[in-house]
Amino acid sequence: MTSTSIAGQVRSANPTRLECPAFLLNPPFSYDTGEANNAWMQELPEHERVPDAKKAMVQFLELYHYLAAGGLVYVLPTPATEGLQDLVFTANLGVVLEHVVGNNTVVMSNFTSEPRKGETEVGLRFFDQMNYRTYVSPAKFEGEAELKHLYGNVYVGGYGIRSEPETYDWMRREFGMTVVPLKLTDPYLYHLDCTVFPLTREQTLVCTELYDRTEIRELERHTDIIDVGVEVCISGICNSVRLHNTILNASNVHDLKAGTEDYQAEVVKNRQLEDIAAAQAFEVTLVNLSEYLKGGALLSCMVMHLNRHSYDFRLV
């Protein structure tokens, strides 16, 4: 990159406007699993879901370093080490609406989950200081984990468990956007990013068997669907993040005992993701985030997109 192009990017004064990928992460200083606020956590005995703080930080830094090597990573400050147990999962903090003129609009979450409600104020302070126009959804809404950008002003939005459909009615009116709604019903797949992953601007991984056929037909008007099954979604195939031509996904396969049911499920998920990626000329990078499984989360939960520049990178 030349000095002239670097200067031009600096003058953009906003990470959403950069011509490189930009993300928001939060180190696990306040990460805790004291309040079991999802089905995965509720299955674990309390002593088994206590995170190892040192290991959690090492795993976070592995993800941070990989993303920072290919883009810009902002670090969300942690204003308190108590009362913000899920702040590390920045995908739920809000969503940047890149289709809005100015590339400086972010909608903050209105959390359903009680221990997460303090995160909204943290996000508002951060984005206000970054000179974004900030809005708070008037209805329940849990960030980009529930609202996936397809292209232009077209998004797909999850509702039914943590977010309400009225959120998307408001967004359509306020921001001139198209939102294809999908109703979530599985308590283990409680955010949209568990079952929907935009691979390119034209193709999207979707677990179609979990959704109403009418909603899927509407989604098919906007994207080519690559169908994936419930079992690989349970293992996290859709909880991925794209960085240029690489798909990042969490996997603790090397921690699992070969031959066990969990090991086999993880191998099946990894192989299917690798097959999908290879067919589209992508590479796959697996990151062990086992400490965050204790909070019922996977890789996409830990990454908020400040832009989606990687999707401008066309492989074919």
Side-chain angles (χ1 to χ4, degrees), residues 1 5 9 12 14-25 63 66-74 90-91 93-107 132 143-158 171 175-180 182 191-206 219-226 228 236-250 273-274 276-285 287 298-316:
M1 185 177 292
S5 64
Q9 293 206 32
S12 69
N14 176 320
T16 302
R17 299 171 187 162
L18 288 176
E19 294 181 5
C20 72
F23 307 98
L24 179 66
L25 274 66
L63 175 61
Y66 196 95
L67 291 172
L72 175 68
V73 178
Y74 270 83
T90 54
L93 191 65
V95 62
V96 173
L97 301 180
E98 288 185 81
H99 78 280
V100 178
V101 174
N103 295 123
N104 64 344
T105 298
V106 59
V107 176
Y132 280 79
E144 75 164 64
E146 293 277 53
L147 186 68
K148 292 298 180 183
H149 183 240
L150 298 181
Y151 59 88
N153 71 335
V154 180
Y155 298 76
V156 53
M171 287 183 177
F175 304 111
M177 52 198 281
T178 297
V179 182
V180 179
L182 292 180
H191 285 131
L192 187 73
D193 63 350
C194 297
T195 54
V196 173
F197 170 60
L199 184 65
T200 67
R201 297 214 188 273
E202 298 82 24
Q203 296 174 303
T204 305
L205 274 63
V206 182
L219 183 59
E220 287 174 330
R221 294 181 59 243
H222 300 281
T223 189
D224 295 329
I225 290 176
I226 300 173
V228 290
I237 195 170
C238 287
N239 292 102
S240 299
V241 168
R242 178 177 169 180
L243 180 65
H244 300 299
N245 69 327
T246 299
I247 305 303
L248 281 71
N249 186 267
L273 182 60
E274 288 165 355
I276 292 170
Q280 305 300 326
F282 284 98
E283 298 177 355
V284 173
T285 293
V287 182
L298 287 164
L299 191 147
S300 63
C301 309
M302 299 176 67
V303 181
M304 180 179 180
H305 289 76
L306 298 178
N307 68 32
R308 297 170 183 81
H309 182 72
S310 289
Y311 287 83
D312 294 335
F313 185 78
R314 300 182 68 88
L315 301 179
V316 292

Shortest non-hydrogen contact from [X] to [Y]?
X      : Y      : answer
Ala91  : Ser300 : CB-O, 3.2 Å
Val179 : Gly157 : CG1-N, 3.7 Å
His244 : Ser310 : N-OG, 2.8 Å
Gly70  : Pro21  : O-CD, 3.6 Å
Asn249 : Gly236 : ND2-O, 2.8 Å
Val206 : Val196 : CG1-CG2, 4.3 Å

Going through the checks in order, is the side-chain contact (heavy atoms from CB on, under 4.5 Å) test met by Val287 and Tyr66?
CA-CA 9 Å; Val287 182; Tyr66 196 95; 5.7 Å; no
Between His99 and Tyr155, is the gap from one ring center to the other below 6.0 Å?
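That pair passes the under 6.0 Å test.
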Starting at [atom1] of [X], measure out to [atom2] of [Y] and round the result to the nearest 0.5 Å.
X      : Y      : atom1 : atom2 : value
Gln280 : Gln203 : CD    : CD    : 4.0 Å
Leu273 : Leu248 : CG    : CG    : 10.0 Å
Leu72  : Leu24  : CG    : CG    : 10.0 Å
Asn153 : Met171 : CG    : CE    : 13.5 Å
Leu147 : Leu97  : CG    : CG    : 7.0 Å
Leu299 : Ser240 : CG    : OG    : 7.0 Å

Output all residues satisfying side-chain hydrogen bond (donor to acceptor under 3.5 Å, both in side chains) with [X], sequence neighbours left out; order by chain, then residue number.
X      : answer
Thr200 : Glu202
Thr246 : none
His149 : none

Could you check whether any side-chain heavy atom of [X] comes within less than 4.5 Å of a side-chain heavy atom of [Y], counting everything from C-beta outward?
X      : Y      : answer
Asp193 : Cys238 : no
Val107 : Val95  : yes
Val156 : His222 : no
Val106 : Met304 : yes

Taking the six-membered ring of Tyr311 (Phe, Tyr or Trp), confirm whether the NZ or CZ of Arg242 is under 6.0 Å from its centre and within 45° of its axis.
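Satisfied, under 6.0 Å and within 45°.
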Candidates Val241, Leu199, Thr285 - the one meeting side-chain contact (heavy atoms from CB on, under 4.5 Å) with Ile247:
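That would be Leu199.
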Look only at the side chain of Thr204 and the backbone of Thr223, and say whether a donor-acceptor pair between them is shorter than 3.5 Å.
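Not at all, since once roles are kept as given, no pair shorter than 3.5 Å links the two residues.
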Could you check whether any side-chain N or O of Arg17 sits under 3.5 Å from a backbone N or O of Asn307, counting only pairs where one atom can act as donor and the other as acceptor?
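A pair under 3.5 Å: no.
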Tyr132 and its side chain to side chain donor-acceptor pair (under 3.5 Å) partner, picked from Asn104, Asn103, Asn14:
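Looking at Asn104, Asn103, Asn14, the match for Tyr132 under the side chain to side chain donor-acceptor pair (under 3.5 Å) is Asn14.
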Test side-chain contact (heavy atoms from CB on, under 4.5 Å) applied to Arg221 and Thr178, step by step:
CA-CA 12 Å; Arg221 294 181 59 243; Thr178 297; over 6 Å; no
Could you please spell out the steps behind the side-chain contact (heavy atoms from CB on, under 4.5 Å) verdict for His305 and Thr16?
CA-CA 9 Å; His305 289 76; Thr16 302; over 6 Å; no
Please step through side-chain contact (heavy atoms from CB on, under 4.5 Å) for the pair Thr195 and Leu182, ending with a clear verdict.
CA-CA 10 Å; Thr195 54; Leu182 292 180; 6.0 Å; no
